[in-house]
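Since we're looking at a predicted model, the values are computed, not measured. Each chain gets a letter, A, B and so on, in the order the sequences are listed, and its residues count up from 1.
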Amino acid sequence: MPKINPKLKRYNTMTSKEIRRIFLDFFKEKSHQIVPSAPLVIKNDPTLMFTNAGMNQFKDFFLGNKPVTYSRIADTQKCLRVSGKHNDLEEVGIDTYHHTFFEMLGNWSFGDYFKKEAIDWAWELLVVRYKLDKDRLYATVFGGDKGDNLPADEEAFEFWKQYLPEERILFADKKDNFWEMGDTGPCGPCSEIHIDLRNDAERAKTPGRELVNQDHPQVVEIWNLVFMQFNRKNDGSLHALPAQHVDTGMGFERLAMALQGKTSNYDTDVFTPLIDFIANAAATNYGKDRKKDIAMRVMADHIRAIAFAIADGEMPSNNKGGYVIKRILRRAVRYAYTFLDFQVPFLYKLVPILAAQFAETFPELKSQEEFITKVIKNEEDTFLRTLENGLKRLEHEMEHLESHEIPGKVVFELYDTFGFPADLTALIARENHFTIDEKGFEQAMGIQKERSRKDAISETDDWQFVQEDKSINVDFLGYDTLQASAKIVEYRKIARKKQSFYQIVLDQTPFYAESGGQVGDTGYIQAHSNGEKIEVIDTQKENDLIIHITKKLPTDIYSSFDCVVDAKRRKNIKGNHSATHLLHAALRHVLGTHVTQKGSLVAPNALRFDFSHFAKMSEEEILAVEGEVNQKIRENIELQEMRNVPIEQAKQMGAMALFGEKYGDFVRVIIFDKEHSVELCGGTHVASTGEIGYFKIVSEASVASGVRRIEALTAQAAEDYVQNELAQIQEIKNLLKGSKQITKDISRILDEKSELQKKIELYENQVAQTIKKQLLETCEKLENGINFIAQKVELPTANHIRQIAFELEHQVDNLFLVIATPIEGKPQIAVMLSANLVSDKGLNASKIVRELAKEIKGGGGGQPFFATAGGKDVSGLDNVIEKAKTML
RNA sequence: GGGGGAUUAGCUCAGUUGGCUAGAGUGCUUGCAUGGCAUGCAAGAGGUCACCGGUUCGAAUCCGGUAUUCUCCA
């Protein structure tokens, strides 16, 4: 049973919603801009798949890649952590305070306030506003590091002394109190606030300071204040950042635990609605059985991660981020299945609870509730089937095993190939008095990991700055021009699998970097100084940098360059992108407004559009959509492009924003008739729809549960496609001697064909019957009672040999039959024996046929009573018959 | 991105080292039985064994490639 600490009971009434609101209101008072959470799924950043901290969306501010819009910001950020120093996926749910998905409350200063205000306000919020017991609070500060040549953070220590006695301020080492984003990037010392939630008796027994940072479930960190002042380079060295920043993060769920007087995150109102529902459905109570409790925590935690990830566009799949989501989901199903006996999909039923819970804070769940539910249910179905199949396989293995140890190879195969969890294998093995070879399993797993890792090796060098003044504020000129003059700002080399290429950042560029589905531009840059031409093979975006990818580095990197985009290619891309917008609008008209974009590819030769919809589109619907798009093309609607529109205004104009897409405060709006298509979009478009020329849907298919994909062509490609189809029809007409009713003719021809086939079959059967009669007439009754038939005959097909043989076997007792016949120039023989000859006289058709086959230079086999053989020498058929006569 | 598996009747799947006329269950059609239904009995239709190529006297089965799909790792 969840224990309530009586001392903390008076705060029990503060709901999680209030806690969140108080936090945001507090920092609003302190002149912070409150911003929405960034999507959980990260695009354009190779180092990160999911947002794992509140600061992710501000990374470019810290790096100086992007000008700061507000110097003070606060928000609550959706975060996902599935690996890290204290948070392995396999550990979540075992204890009561780690999560995959969580909210991070944070406040930021970008070159504005620093340590003093950060500490003052943290104290004010926790003690004055939230009224936490100050005697339970501890602070840690950075104690310095010799390796990095850094002193202890005495400054922070001094500020804390105003509020806390010295014995509750602890110095900690680099591992705990020096925050780093990754191997490289912004970093700095940090100061953490911990809270001791134990009861008085325990607090009297052991001082809280001895339990800080010791993984005690009730002495936990609640707030981390990071003082960002360095940038770590690839070589490990630290460099001072141009300005000092504050980055803080407070775990929302833990804060709720502290404020609601609970000893577990799962006992707060963030989780109880989920836990209650699960317990009820499983016909059990939370807090009664340790294993069941763990399962319920796993489910309650994981459903949040899965639902939010799907809402932000990350579908369960078999690679990258999608695979992470799938693994989380499967872990939840596995616990539900094993410990709570859920044999049918269940997790999806939790989605409505979550959606209602977060309707105000994160409305993306509510508005996609049906879709998310469907995706999860489908995935649950798939996995339960996988489990079932795996179970069958495992049982089969155990039946056929000689020893009572299941080899590691088998355990691994079950896991690797059939997705059957190894711990489940172990469990079932134990129940059946088997053991598993864990060592062998680990070994096989190691080989698999090594292989994958080897493949992924790539080396990325540090950025080399070409210009002294690193004011990267790159202008994209490509909306207005396809040619421009520019200088290199920075570059770096990337090596991967014996191949190497360069990434170049220019101070301004007409090259469009891949984003929003539109592929990156190609073209070339040419040095003014020596005329050297370097091909740009792709353009990518990393965070907000436009990166030109080349195979070669210009010899003169200090030159200015003519940058030229492949214009013809871009023209096709533009047409496809505008067509995509028209398609999106048409789909919403024809199918309904539940249609939202789930993915898009805009390439020069084709376009692909994925959208949420729950059924296969009918022929009529496809035609209607295609027709509407072409109608809009013929209307030749002029493009209305608006840059730098405040996002609120854009939304008022009815612009469609996508879930899981990060938008700034100012956006670009693309309009083709304000009554028809208004979208937020950074891509390139035609000046008027007539340029698209013609639009043709080529395929409609499913990509995932609830997601359909349309592939289409425009302009020349669409015309070529139609021409090609027409040419084929013409060819058919020509074959039909200029028929005007080809479908009717073809179906008539097909009917005739099957009729003729039947007639031929009938005729062939008659021939075969005649031959059978002839064979019967040649039947000799030998002295030993055997009815002997051996003849060379002419049969229509190979199948007839079998047919006649089986029929004769029914008609004649004690039969010894040899048929020899040429089929399409090749000799074929068959031997049929009555069953009693096989059992009584030890005759074997297979052996006989092999012996006979020598005469036709071939081989054969079959069963003891019937066997066939083929060969190469037709002239030997007569010898076969002669030889057969001698065999009795 | 790198491994492994699967693809056989409308659906779910068998098919043992290459040699049954490629099967089962379910569904479908028809007939029979019961007043009707659930159902029972009988008969029947339905397969380019994913596709392309190779090895072989012979390939659903072995080998290579393609497509689709499942699965694990990064």
Side-chain angles (χ1 to χ4, degrees), chain A residues 46 49 82-83 316-324 326-327 330 378-379 381-390 392-393 396 399-400 409-422 425 441-442 444-458 496-497 499 699 701-705 754 757 761 765 768 797-810 820-832 835 844-850 852-874 876-877 880:
Chain A
M49 288 191 292
V82 283
S83 58
S317 75
N318 57 2
N319 53 35
K320 297 271 159 61
Y323 183 57
V324 173
K326 187 162 145 181
R327 253 170 53 191
R330 295 198 160 200
N378 187 273
E379 195 57 36
D381 271 323
T382 309
F383 185 51
L384 287 168
R385 205 163 43 233
T386 299
L387 286 181
E388 214 176 292
N389 287 337
K392 249 191 262 170
R393 255 170 204 286
H396 184 264
E399 273 170 35
H400 290 81
K409 212 178 122 193
V410 173
V411 179
F412 181 72
E413 193 198 18
L414 273 166
Y415 175 64
D416 181 58
T417 304
F418 303 104
F420 197 75
T425 303
F441 173 77
E442 292 300 333
M445 192 70 166
I447 295 169
Q448 154 100 315
K449 285 190 176 181
E450 186 49 38
R451 196 174 30 225
S452 294
R453 207 168 293 137
K454 227 174 180 173
D455 176 73
I457 289 173
S458 79
R496 200 184 129 76
K497 279 190 191 172
Q499 279 195 325
S699 83
S702 161
V703 270
S705 161
S754 76
Q757 237 167 7
E761 222 171 285
N765 284 340
T797 75
N799 263 344
H800 286 98
I801 305 176
R802 282 201 183 93
Q803 198 188 319
I804 290 175
F806 275 85
E807 283 179 17
L808 286 173
E809 195 268 332
H810 282 301
T821 179
I823 303 285
E824 286 168 10
K826 279 186 173 180
Q828 195 89 29
I829 51 180
V831 176
M832 171 63 90
N844 187 317
S846 191
K847 280 180 188 160
I848 294 168
V849 89
R850 254 192 281 272
L852 296 175
K854 286 177 184 165
E855 299 301 322
I856 51 169
K857 292 181 180 146
Q863 295 110 308
F865 73 97
F866 177 73
T868 59
K872 290 172 183 167
D873 185 8
V874 194
L877 283 173
V880 169

Touch class at under 4.0 angstrom, heavy-atom based, for A:Phe866 against every strand present: sugar-phosphate
Any chance you could measure A:Asn389, atom CG, to A:Leu384, atom CG, to the nearest 0.5 Å? 11.0 Å
With both distances under 3.5 angstrom, what nucleotide forms a Watson-Crick or G-U wobble pair with B:rG46? none
Watson-Crick or G-U wobble partner for B:rU69, using a 3.5 Å limit on both distances? B:rG5
Given A:Ile829, which partner from the list A:Ile856, A:Thr868, A:Ile848 fulfils the side-chain contact (heavy atoms from CB on, under 4.5 Å) test? A:Ile856
Please report the interatomic distance CD(A:Gln448) to CZ(A:Arg453), rounded to the nearest 0.5 Å. 10.5 Å
How far apart are the closest heavy atoms of A:Tyr415 and A:Pro421, and which atoms are they? CD1-CA, 4.0 Å
In whole Å, what is the span from the CD atom of A:Gln448 to the C1' atom of B:rC72? 5 Å
Complementary nucleotide for B:rG64 - Watson-Crick or wobble, under 3.5 Å: B:rC52
Rounded to the nearest 0.5 Å, how far apart are CD1 of A:Ile447 and CG of A:Asp416? 11.0 Å
Taking all atoms of both residues into account, what is the closest heavy-atom pair of A:Val849 and A:Ala867, and its distance? CG1-CB, 3.7 Å
Gap in Å between the two P atoms, one belonging to B:rG15 and one to B:rA38, rounded: 35 Å
On RNA chain B, more 5' by nearest nucleotide between A:Glu413 and A:Arg850 is A:Glu413
When you compare B:rG58 with B:rU21, how far apart are their C1' atoms, in angstrom units rounded to a whole number? 16 Å
What interatomic distance, in whole Å, is found between C1' of B:rG23 and the corresponding atom of B:rC49? 12 Å
Shortest non-hydrogen contact between A:Gly390 and A:Leu414, atoms and distance: O-CD2, 3.8 Å
C1'-based separation of B:rC32 from B:rU69 [nearest Å]: 44 Å
Who pairs with B:rG18 - Watson-Crick or G-U, where each distance is under 3.5 Å: none
Distance check needed: B:rG2 P versus A:Arg453 CZ, whole Å only. 17 Å
On a whole-Å scale, what distance lies between the P atoms belonging to B:rA6 and B:rA50? 12 Å
Audit row: A:Phe420, A:Thr425, side-chain contact (heavy atoms from CB on, under 4.5 Å) steps and yes/no: CA-CA 7 Å; A:Phe420 197 75; A:Thr425 303; 3.3 Å; yes
Show the nearest heavy-atom pair for residues A:Met49 and A:Lys320, with the distance to one decimal. SD-C, 3.7 Å
Rounded distance in Å between the C1' positions of B:rU29 and B:rC13: 23 Å
In whole Å, what separates the P atom of B:rA14 from that of B:rU7? 8 Å
Shortest non-hydrogen contact from A:Phe441 to A:Ala422? CZ-CB, 3.5 Å
Which is it for A:Arg330 and A:Thr382 under the side-chain contact (heavy atoms from CB on, under 4.5 Å) test, yes or no, and what are the steps along the way? CA-CA 10 Å; A:Arg330 295 198 160 200; A:Thr382 309; 4.1 Å; yes
If you look at every heavy atom in A:Gly419 and A:Phe383, which pair is closest and at what distance? O-CE1, 4.0 Å
Determine which nucleotide pairs with B:rG31, using a 3.5 Å limit on both distances of a Watson-Crick or G-U wobble pair. B:rC41
Below 3.5 Å is the cut-off: list the nitrogen or oxygen pairs between protein and nucleotides 8-18 of chain B, distance only.
none

Can you tell me the distance, in whole Å, between the CG atom of A:Asn319 and the P atom of B:rG2? 11 Å
Counting primed atoms, P, OP1 and OP2 as sugar-phosphate and everything else as base, the B/S/- map of nucleotides 54-63 of chain B against protein heavy atoms under 4.0 Å is ---BS-----
Mind checking who B:rU26 pairs with, Watson-Crick or G-U wobble, both distances under 3.5 Å? B:rG10
What distance, rounded to whole Å, do you find between the two P atoms, one in B:rU12 and one in B:rU71? 16 Å
Nucleotides 66-71 of chain B: which of its N/O atoms have a protein N/O under 3.5 Å away?
residue, atom, partner, partner atom, Å
B:rU71, OP1, A:Arg330, NH1, 3.0
B:rU71, OP1, A:Arg330, NH2, 2.2
B:rU71, OP2, A:Lys326, NZ, 2.6
B:rU71, O2', A:Tyr415, O, 3.4
B:rU71, O2', A:Asp416, O, 2.5
B:rU71, O2', A:Gly419, N, 3.2
B:rU71, O4, A:Asn318, ND2, 2.7

